[in-house]
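Comments concern the structure below.
For reference, positions follow the sequence shown, starting with 1.
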Amino acid sequence: MSTENEGTEVPQAPSAPPVPVESPVASPQATTPDSTPTTPVPPVAPAAPGMPEHAAPAPAYASAGPYDGAQHTGSAPEGGWPPPPPVTPAYADGGGAGSGWGASYQPPAPKSGGGRGGLVAAVLVAALVAGGLGGGLGYTLAKNDDNSGSTTVSASTSGGAVKRDPGTIAAVASKALPSTVTIEAESTNGEGGTGTGFVFDTQGHIVTNNHVVADAVDGGKLTATFPDGKKYNAEVVGHAQGYDVAVIKLKNAPSDLKPLTLGNSDDVAVGDSTIAIGAPFGLSNTVTTGIISAKDRPVASSDGSGSQASYMSALQTDASINPGNSGGPLLDAQGNVIGINSAIQSTGSGGLGGTSQSGSIGLGFAIPINQAKYVAQQLIKTGKPVYAKIGASVSLQDSANGAKITDQGAGGASSVESGGPADKAGLKSGDVITKLDDHVIDSGPTLIGEIWTHKPGDQVTITYERDGKTHTAEVTLGSRSGDS
């Protein structure tokens with residue numbers, strides 16, 4: 001399925017992944033935030049020969065939404081990269097166009113003008129003004145009343161100290177917030193958006209989504225602001241478009257950084273409590289709660305560049321996630337990070353202020369932390385991502401029957417890489433892969449997402465159909481370094 005990334009939607013399986021949607025960054029102090037609706041991601045160019053199966057066209061992210069229903073009839077070569085363009089999902093950070101699972105990347109808010117953000121800010125200000133006025137009148141009346149000789153006894157204004165147990169949401173939030181940052185990325189031409197990240201280690205590395213920092217990769221400007229208001233310039237250490245994971249590093253990082261504790265996403269169960277932290281529509285340090293609604297959701301989305309697609313086997317949550325939440329931590333009830341908020345399913349309709357960027361409808365998607373941790377460590381170590389592959393090109397056409405190995409790879413190359421993992425396991429063109437280990441495979445994007453939850457060298461069992469008969473094969477996954 002495709003979705004928007006924190007601003008993007010996730011597609012519904014089986015179907016092509018959706019295209020990322022951009023979400024505006026709202027500033028409570030600006031009369032009108034600069035919000036740019038996400039636009040559909042253009043189809044990705046065919047993968048180059050010899051590349052992994054993810055080279056095939058893919059649906060768009062949901063930074064939010066399910067597959068848009070469009071079918072990709074073409075095939076993608078196994079090792080081809082970049083993968084085909086996502087169908088509809090958008091990033092959750094508010095940065096891409098189109099709709100899909102997740103929230104899309106958000107452009108920076110405008111300094112002036114009217115719009116949804118302005119309306120929200122106006123409402124907030126009006127509420128504060130009204131509250132202040134009411135308090136002033138109350139004080140004046142009470143003071144004048146002091147001379148009336150009233151014998152009315154006032155109730156005590158002290159109810160005792162509030163005590164919150166360690167396991168409460170408030171306790172978890174108070175511990176996690178100081179290690180969460182709001183990221184602002186700006187390209188050399190002034191375009192950009194807002195997202196979220198969290199402290200990964202004491203050296204100043206921050207983990208976030210690739211689509212959050214994409215605009216700042218080539219000479220752009222990147223900053224990270226902590227809840228206490230301290231702001232740091234940062235640089236991109238490495239980014240993985242396929243995984244939609246990036247690592248940035250703070251310049252002149254403080255010595256008292258406290259990394260968030262990483263949990264085990266494999267142990268997460270449907271129904272577990274979740275806590276999401278982010279900057280929805282620019283409202284930094286926002287905390288929302290929910291549960292794990294499902295696991296292993298196939299999600300495909302794009303960073304909005306039109307040349308790369310991302311795939312994940314995501315954790316689904318109903319915790320409210322909106323554009324600007326992208327890259328923020330999804331925590332369990334103990335405060336451990338179990339995922340990175342990346343996409344949402346969205347209705348695609350606008351909202352107050354006439355913006356085309358819609359918000360949460362209770363369908364959010366996060367990259368499992370076990371996968372994100374591995375990717376982040378690779379990026380810190382070498383600056384480049386490493387992907388697992390089977391060495392076969394599969395069709396990204398919308399289908400519920402499985403992932404079919406194409407008749408031909410990109411550029412006329414063989415669809416099964418000679419001497420590659422699939423070739424050694426006896427797989428051939430026309431075979432339809434229906435399971436990877438115990439996971440049902442209903443489409444090409446689903447297969448890619450599942451393969452990428454593994455590391456190169458892992459051995460998996462592939463179930464496939466050929467000439468109406470079911471077969472199984474043991475495959476040792478190969479590897480590919482980099483996004484191109």
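The distance from atom CG of Leu436 to atom CG of Leu447, rounded to the nearest 0.5 Å, is 6.5 Å. Distance CZ/Arg297 to CG/Leu315: 11.5 Å, rounded to 0.5 Å. Rounded to the nearest 0.5 angstrom, Asn210 CG and Ser342 OG are separated by 9.5 Å. Distance check, rounded to the nearest 0.5 Å: CD1 of Ile369 to CG of Leu331 gives 10.0 Å. In this structure, Ile275 CD1 and Ile291 CD1 are separated by 13.5 Å, a value rounded to the nearest 0.5 Å. With rounding to the nearest 0.5 angstrom, the OG1 atom of Thr286 is 12.5 Å from the CD1 atom of Ile321.
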Identify all side-chain donor-acceptor contacts of residues 217-233 below 3.5 Å with residues at least two apart in sequence or on another chain.
residue	atom	partner	partner atom	Å
Asp228	OD1	Lys230	N	3.0

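A donor-acceptor pair shorter than 3.5 Å cannot be found between the side chains of Asn341 and Asn325.
In terms of heavy atoms, Ile451 sits closest to Ala388 at CG2-O, 3.5 Å. Between Pro368 and Ala314, the shortest heavy-atom contact is CD-CA, 4.3 Å. Closest approach of Ile367 and Met312 over heavy atoms only: CG1-SD, 3.7 Å. A pairwise comparison of heavy atoms in Val172 and Gln334 identifies CG2-C, 4.3 Å as the closest pair. Across all their heavy atoms, Gln203 and Lys249 have their closest contact at O-CE, 3.3 Å. In this structure, Thr202 and Pro259 approach most closely via the heavy-atom pair N-CG, 3.8 Å.
By the 4.5 Å heavy-atom criterion applied to side chains, Pro385 and Leu379 are counted as neighbours. Residues Pro323 and Phe281 meet the side-chain proximity criterion, which asks for heavy atoms closer than 4.5 Å. In this structure the side chain of Glu450 reaches within 4.5 angstrom of the side chain of Thr453, judged on heavy atoms. Inter-residue side-chain proximity for Val268 and Asp332 is flagged as unmet; no heavy-atom pair is nearer than 4.5 Å. In this structure, the side chains of Val386 and Tyr374 come closer than 4.5 Å at one or more pairs of heavy atoms. Using a 4.5 Å heavy-atom threshold, the side chains of Gln377 and Phe200 count as touching. Looking at Ile292 and Ile338, their side chains come closer than 4.5 Å, going by heavy atoms from C-beta outward. When side chains are defined from C-beta on, Ile380 counts as touching Asp201, because their heavy atoms get closer than 4.5 Å.
For the pair Gln371 (side chain) and Trp452 (backbone), a donor-acceptor distance under 3.5 Å is present. With Thr288 contributing its side chain and Ala319 its backbone, the two residues share no donor-acceptor pair below 3.5 Å. Asp437 places no side-chain N or O within 3.5 Å of a backbone atom of His439 that could act as its donor or acceptor partner. For Asn209 (side chain) and Gly327 (main-chain N/O), a donor-acceptor pair under 3.5 Å exists by modelled atom type. Side-chain N or O atoms of Asp296 include none that pairs as donor or acceptor with a backbone N or O of Ser313 at under 3.5 Å. Listed for the Thr317 side chain is no donor-acceptor partner under 3.5 Å among the backbone atoms of Gly364. Proximity of a side-chain donor or acceptor of Tyr387 to a complementary backbone N or O of Gly242 within less than 3.5 Å is detected. Asp215 places no side-chain N or O within donor-acceptor distance of the main-chain N or O of Glu186, the cut-off being under 3.5 Å.
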Practice task
Walk me through it: do Leu363 and Gln316 pass the test side chain to side chain contact (heavy atoms under 4.5 Å, CB included)?
Solution key: CA-CA 7 Å; Leu363 296 173; Gln316 180 183 328; 3.3 Å; yes
Exercise for the section: Please report the C-alpha distance between Thr261 and Asn336 in whole Å, then the side-chain angles of each, then the deciding distance to 0.1 Å, and finally whether the side chain to side chain donor-acceptor pair (under 3.5 Å) criterion is met. Expected result: CA-CA 5 Å; Thr261 302; Asn336 303 308; 4.5 Å; no
Practice task
Under the side chain to side chain contact (heavy atoms under 4.5 Å, CB included) rule, what do Asn285 and Ile277 come out as? Steps first, then yes or no, please.
Solution key: CA-CA 6 Å; Asn285 316 315; Ile277 300 178; 5.8 Å; no
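Just one of Val213, Thr208, Val247 meets the side chain to side chain contact (heavy atoms under 4.5 Å, CB included) condition when paired with Val236; it is Val213. Of the candidates Thr180, Thr194, Thr182, Thr196, Thr182 is the only one forming a side chain to side chain donor-acceptor pair (under 3.5 Å) with Ser284.
With a 6.0 Å radius and a threshold of 12 heavy atoms from other residues, nucleotides or ligands, Ile169 has its CD1 atom at or below the threshold.
For Ser320, the side chain to side chain donor-acceptor pair (under 3.5 Å) criterion is met by Asn322, not counting sequence neighbours.
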